[in-house]
Amino acid sequence: MAQQPVAVVCVGMAGSGKTTFMQRINNYLHINEKKPYVLNLDPAVLNVPFEANIDIRDSINYKEVMKQYNLGPNGGILTSLNLFATKIDQIIGLLEKRAKPDASSTAAPPQHFLVDTPGQIEVFVWSASGSILLESLASSFPTVIAYIIDTPRTHSCSTFMSNMLYACSILYKTKLPMILVFNKTDVQDADFAKEWMTDFEKFQQALQDEESRGVFGGEGFGGGSGYMSSLLNSMSLMLEEFYSHLEMVGVSSMTGDGIDEFFDAVERKADEFNRDYKPELDRRIKERQQEKEGKQGEDLARVMEDMKVGESARPKHKERIGGDEDNDEEEDEDEREADQYENVRPDDDEALQRRYAEELKRQGLQVSEIDQSFARYVAQNRQNVP
Ligand SMILES: Nc1nc2c(ncn2[C@@H]2O[C@H](COP(=O)(O)OP(=O)(O)OP(=O)(O)O)[C@@H](O)[C@H]2O)c(=O)[nH]1
């Protein structure tokens, strides 16, 4: 077991059994005296059948968000997540506190953080706030994605392939280790999926069977055009590499079957996270930080140049004041600009920031992201002005 708690983030299509699975693994850990710490990130869920230590619904009223911002259900979830993401530092702080042994209590720190996510999978995985939440979690704790799959509904070659492509997109989007959890094995066992993922010929065989049964177009049309079948064939070849990066387990959230294997897979993936993913994640965060700082510097310099508030603008003006009389027109122009600048003196922070914001907006730049660096610039600039 890794030393730090492992964050297990459950994602899955609506109806895949994500919530039932969360309930089952939560129950399993309680029975095995490894009490987890649970987070619910689904703002729209009515009843959570397990006790969540942190619940997005405690701080954000999804219905109110929809009403106030005049949004539909998905927009409401997205905006709720965005609002919640602004509190991510506090949440990570809380989790870090929980992860440390508590001297005043005999209870051991949790070994797992279980995270439930909205059923609208794309709202979580493809939103900026989803990325922020996942990345913040992963920069503090080993983080593993559990992708819950409805096994009975994935039994045909085409639904299986659709699900695998979806899993593939989540893997590449989140860049976190992933476990494929084939749920509902009490209804349909997941041996077929294991075979298809490890033996390409078995998948081809199943594909031929389906084709001969007219699954891809109906016998009345001569068994379809063959397009679907050959597409699925090529995709399964393409996905071979992807499969090799995954763990797959078959579970029944109803009966509890396969949950031991799931936690074995979590341990292996947590080790993999620390070994392979963490250094890459740290490198990406550092790179982005540097990029952001560099870009902010460039944007700021460009904007200051435009606004003639940079240091280069002031000496130029000063030199011309006592300069050549023939350049009157140019001087007037410069003086007008200088007056403009005088009206927004560096010590008039608010006005300068306002202009700065307007200018950034005009250039289509994000204002909030660079507010802080601008405040620093203003403070620095004030020191430089005699
Ligand atoms: N037979 C069987 N049914 C299951 C299993 N897990 C979940 N179900 C059923 O599948 C349905 C959907 O389960 P949920 O846990 O609500 O699924 P969900 O993915 O959380 O759905 P959303 O809340 O819409 O995101 C329910 O009727 C569950 O009883 C399982 O292992 N076996």
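Hydrogens, waters and symmetry mates play no part in the numbers below; they use all other heavy atoms, side chains included. Starting from 1, each residue takes its place in the sequence as its number.
Following chains of ILVMFWY side-chain contacts shorter than 4.5 Å, one can reach Tyr69 starting from Ile60, so the two form part of one hydrophobic cluster. A single hydrophobic cluster is seen to contain both Trp126 and Val123, as judged by linkage of ILVMFWY side chains at heavy-atom distances under 4.5 Å, directly or through other members. Hydrophobic clustering of Ile, Leu, Val, Met, Phe, Trp and Tyr side chains at less than 4.5 Å, counting indirect connections, unites Leu165 with Ile149. Cluster membership check: Met254 does not share its hydrophobic cluster with Leu29, using side-chain heavy-atom separations under 4.5 Å among Ile, Leu, Val, Met, Phe, Trp and Tyr.
Not one N or O on the side chain of Asn47 forms a donor-acceptor pair closer than 3.5 Å with the backbone of Pro49. Judged by distance alone, the side chain of Gln4 and the main-chain N or O of Ser140 form a donor-acceptor pair under 3.5 Å. At least one donor-acceptor pair under 3.5 Å links the side chain of Ser169 to the backbone N or O of Tyr166. Checking side-chain atoms of Lys194 against main-chain N and O of Met248 turns up no donor-acceptor pair under 3.5 Å. Formation of a donor-acceptor pair under 3.5 Å by the Ser244 side chain with backbone atoms of Phe242 is not found in this model.
Note that the CG atom of Leu95 and the CZ atom of Arg98 stand 9.5 Å from one another [nearest 0.5 Å]. Between atom CG of residue Leu134 and atom OG of residue Ser139 there is a gap of 10.5 Å, rounded to the nearest 0.5 Å. To the nearest 0.5 Å, atoms OH (Tyr28) and OG (Ser253) are separated by 14.0 Å. Between Phe203 atom CZ and Thr198 atom OG1 the span is 12.5 Å, to the nearest 0.5 Å. Glu195 contributes atom CD, which lies 7.0 Å from atom CG of Asp191 (distance to the nearest 0.5 angstrom). In this structure, CD on Glu122 lies 10.0 Å from CG on Leu78, to the nearest 0.5 angstrom.
Taking the side chain as every heavy atom from C-beta outward, Met22 and Cys10 approach each other to under 4.5 Å. Side-chain contact check for Leu39 versus Asn53: every heavy-atom pair is 4.5 Å or farther apart. Two residues are said to be in side-chain contact when any heavy atoms from C-beta on lie closer than 4.5 Å; Val38 and Glu51 fail this criterion. Two residues are said to be in side-chain contact when any heavy atoms from C-beta on lie closer than 4.5 Å; Leu171 and Ile145 fail this criterion. Side chains of Leu133 and Phe84 form a contact here, defined as non-hydrogen atoms less than 4.5 Å apart. Looking at heavy atoms from C-beta onward, Pro152 lies in side-chain contact with Lys184 at the 4.5 angstrom threshold. The shortest distance between side-chain heavy atoms of Phe113 and Val9 does not fall below 4.5 Å. Between Asn26 and Leu114 there is a side-chain heavy-atom pair separated by less than 4.5 Å.
Here the two rings, on Phe262 and Phe21, have centers that are under 6.0 Å apart.
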Q.
Using side-chain contact (heavy atoms from CB on, under 4.5 Å), reason through Val249 and Ile179 one step at a time and then give a plain yes or no.
A. CA-CA 7 Å; Val249 285; Ile179 303 170; 4.0 Å; yes
(Q) Please evaluate residues Asp257 and Ser252 with respect to the criterion side-chain hydrogen bond (donor to acceptor under 3.5 Å, both in side chains), reporting the C-alpha separation (whole Å), side-chain torsions for both, the decisive distance (0.1 Å), and the verdict. (A) CA-CA 5 Å; Asp257 211 32; Ser252 165; over 6 Å; no
(Q) If you apply the rule side-chain hydrogen bond (donor to acceptor under 3.5 Å, both in side chains), what do you find for Asn82 with Ser129, and how did you get there? (A) CA-CA 5 Å; Asn82 284 344; Ser129 47; 2.8 Å; yes
Q) After noting the C-alpha distance and the side-chain angles of Thr159 and Ser156, does the key distance pass the side-chain hydrogen bond (donor to acceptor under 3.5 Å, both in side chains) rule? A) CA-CA 5 Å; Thr159 51; Ser156 80; 2.9 Å; yes
Q: Step by step, work out the side-chain contact (heavy atoms from CB on, under 4.5 Å) result for Asn32 and Phe263.
A: CA-CA 12 Å; Asn32 287 283; Phe263 278 104; over 6 Å; no
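Annotation for Lys173: atom NZ counts as buried by contact number, over 12 foreign heavy atoms lying within 6.0 Å. The number of heavy-atom neighbours closer than 6.0 Å to CG of Asp58, taken from other residues, nucleotides and ligands shown, is above 12. By the neighbour-count criterion of 12 heavy atoms within 6.0 Å, atom CZ of Arg153 is sparsely surrounded, having that number or fewer from other residues, nucleotides or ligands.
Ring-plane geometry between Trp196 and Phe192 is classed as perpendicular, the angle between the planes exceeding 60 degrees on a 0 to 90 degree scale with a lower cut at 30. Ring pair Phe160/Phe182 is parallel by interplanar angle, where below 30° counts as parallel and above 60° as perpendicular.
Residues Pro142 and Pro5 approach most closely at CD-O, 3.4 Å, considering heavy atoms.
Among Leu81, Asp42, Leu83, the one residue that satisfies the side chain to side chain contact (heavy atoms under 4.5 Å, CB included) test with Ile56 is Leu81.
Salt bridge status for Lys278 with Asp282: present, with a side-chain N to carboxylate O gap under 4.0 Å. Salt-bridge annotation for Arg268 and Glu247: present, with a side-chain N of the basic residue lying under 4.0 Å from a carboxylate O of the acidic one.
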